[in-house]
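This report refers to the structure that appears directly beneath it.
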Amino acid sequence: MPAFLGSSLQEFAPDQPGFLQLSQAHLTLLTACPRKFQHVYLDQLGLPSLPEAQERQALGTRFHQLMQQRELGLPIEGLTQADGQLRRWFDAFNNTSPKMLVGDRQCEHCRVLSFQRYLLTGVYDLLILAQQRAQILDWKTYSRPQNPEWLEQHWQTRLYLYLLAETSNYPPEQISMTYWFAESRHKETEPHITFTYNTARHTRTQQDLTQLLGNLTDWLERYNQGSAFPQIEREVGECDGRRASSNPDQDEPLWCRFAIRCQRRPESKAVIVPTAHIDQIQELPL
């Protein structure tokens, strides 16, 4: 069986046989900060999440289960009647659902691709395969991002489109990905975004994956010999929360919980934000 990053340190040893299985969450964190990737997945330093965050994650999981049962033709009344929030989200989907292809529908569909010494993995909430088109759909239980271009560059979008093109007979130009967002900030804004794909983007993603995973292989070998993964530059803004902040006007940005360990902030001024281990996060705003 392939090893999923996050289980035990021995599974990352470069001299062991088998493949390491990587999801979009791994790629996203590895791109944002290799050292943070090390702390979370290799050093196992994840912190427990706040109760509010745990409830939000559990609610997102239940909504995905609801949508899966809907696709399978199973009864959903028990879920919607027991939870008012699920009922509101489900009603919102029925009223604002995105345009979907007519074809073979597969929910919670998994695609896996061998790439270098890794297995790239994606699980699609819904995959629709038509005669000359394919559509990936993903449900999000939060508001539509204000910057669609940022979402287009997110590793979930890039990896999911890339995987389908590489593991099917559809050329990139026949593939698209649609996000639907349960929460709506503005009534005049559509609660869904669709990204089309093309050969140029596919080639760019393959080049970026080749470079990123080549770096990961090198960093794992060095880590096995006692060296830490590289840190990002302080100016990038990840450490003090400037880049990730949803409110740039806030007086005190939220520092990365590893800022002290990475010697990026004095311990006396640290603000530690408890978060779940990334492998346990079911629904995370992009």
Side-chain angles (χ1 to χ4, degrees), residues 23-25 27-29 31-32 49 52-68 70-71 80 83-101 105 107-109 122-128 133-164 175-198 201 205 237-238 241-250 253-254 275-276 278 281-286:
S23 69
Q24 59 90 10
L27 298 178
T28 298
L29 187 56
T31 301
S49 62
E52 295 84 356
Q54 292 177 349
E55 174 57 29
R56 183 72 179 185
Q57 293 156 18
L59 186 59
T61 298
R62 293 198 296 273
F63 180 75
H64 281 72
Q65 292 173 342
L66 169 65
M67 296 299 286
Q68 182 180 14
R70 172 185 178 272
E71 284 297 324
T80 56
D83 194 311
Q85 181 64 75
L86 289 185
R87 176 78 253 177
R88 287 189 290 272
W89 284 345
F90 187 68
D91 289 343
F93 178 81
N94 288 331
N95 294 328
T96 63
S97 59
K99 185 177 181 180
M100 302 184 198
L101 295 176
R105 301 165 73 97
C107 59
E108 297 301 317
H109 178 81
V123 179
Y124 304 153
D125 290 345
L126 178 62
L127 176 64
I128 304 178
R133 300 285 300 174
Q135 183 182 22
I136 303 165
L137 293 110
D138 193 85
W139 324 127
K140 298 299 182 189
T141 55
Y142 48 83
S143 299
R144 168 177 168 156
Q146 297 180 357
N147 185 0
E149 293 181 359
W150 180 85
L151 178 58
E152 185 174 23
Q153 295 303 315
H154 193 277
W155 267 118
Q156 181 176 8
T157 307
R158 300 184 68 189
L159 179 63
Y160 281 23
L161 290 167
Y162 181 83
L163 281 177
L164 187 56
I175 299 173
S176 65
M177 181 167 182
T178 299
Y179 290 94
W180 178 83
F181 300 91
E183 300 286 349
S184 178
R185 292 193 183 99
H186 307 288
K187 293 183 179 180
E188 65 275 10
T189 303
E190 292 287 349
H192 46 79
I193 303 175
T194 296
F195 298 109
T196 57
Y197 203 37
N198 58 48
R201 291 178 180 175
T205 297
E238 291 281 358
R242 284 179 290 121
R243 182 178 179 182
S245 173
S246 60
N247 181 9
D249 297 326
Q250 63 188 12
L254 300 176
T275 58
I278 289 181
I281 296 178
Q282 301 297 326
E283 187 67 38
L284 192 65
L286 298 181

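These figures come from a predicted structure and were not determined experimentally. Computation of the quantities below employed the complete heavy-atom set of this structure, encompassing side-chain atoms and omitting hydrogens, waters and symmetry-equivalent molecules. Here, residue 1 is the first one in the sequence, and each next residue gets the next number.
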Point to revise | Test log, rule side chain to side chain contact (heavy atoms under 4.5 Å, CB included), inputs I193 and W180 | key: CA-CA 7 Å; I193 303 175; W180 178 83; over 6 Å; no
With sequence neighbours excluded, residues passing side chain to side chain donor-acceptor pair (under 3.5 Å) with [X]:
X    : value
S97  : none
Y197 : H202
E55  : R62
N198 : none

Do you know the tightest heavy-atom contact between [X] and [Y]?
X    : Y    : value
S176 : L161 : C-CD2, 3.8 Å
A182 : A92  : O-CB, 4.4 Å
I128 : M100 : CD1-CB, 3.7 Å
L164 : I175 : CD2-CG2, 3.8 Å
P148 : Q146 : CD-O, 3.3 Å
T141 : E183 : O-CG, 4.1 Å

Of all residues at least two apart in sequence or in a different chain, which pass the salt bridge (charged side-chain N to carboxylate O under 4.0 Å, His left out) check with [X]?
X    : answer
R88  : none
R201 : E152
R105 : E71

What residues, two or more places apart in sequence or in another chain, satisfy side-chain contact (heavy atoms from CB on, under 4.5 Å) together with [X]?
X    : answer
N147 : E149, W150
T178 : P98, Q135, L137, H192, T194
T28  : Q24, H154, W155
A53  : S49, Q57

### Query
How are the rings of F93 and W139 set relative to one another: parallel (under 30°), tilted (30 to 60°) or perpendicular (over 60°)?
perpendicular
By ring-ring contact (aromatic ring centres under 6.0 Å, His included), F90 pairs with (sequence neighbours left out) none
Before giving the answer on side chain to side chain contact (heavy atoms under 4.5 Å, CB included), spell out for W89 and Q85 the whole-Å C-alpha distance, their side-chain angles and the decisive distance to 0.1 Å.
CA-CA 6 Å; W89 284 345; Q85 181 64 75; 2.8 Å; yes
Side-chain donor/acceptor of Y124 to backbone N/O of C107, under 3.5 Å
no
>> Whether the side chain of R144 engages the backbone of E190 through a donor-acceptor N/O pair (distance < 3.5 Å, no angle test) should be reported.
In response: yes
So CG of L66 and OG1 of T61: to nearest 0.5 Å the spacing works out to 12.5 Å
Discussion item. Pair D91, R87 - check salt bridge (Lys or Arg N to Asp or Glu O under 4.0 Å), show working.
Written reply: CA-CA 6 Å; D91 289 343; R87 176 78 253 177; 2.7 Å; yes
Which of T157, D125, D138 passes side-chain hydrogen bond (donor to acceptor under 3.5 Å, both in side chains) with Y179? It is T157
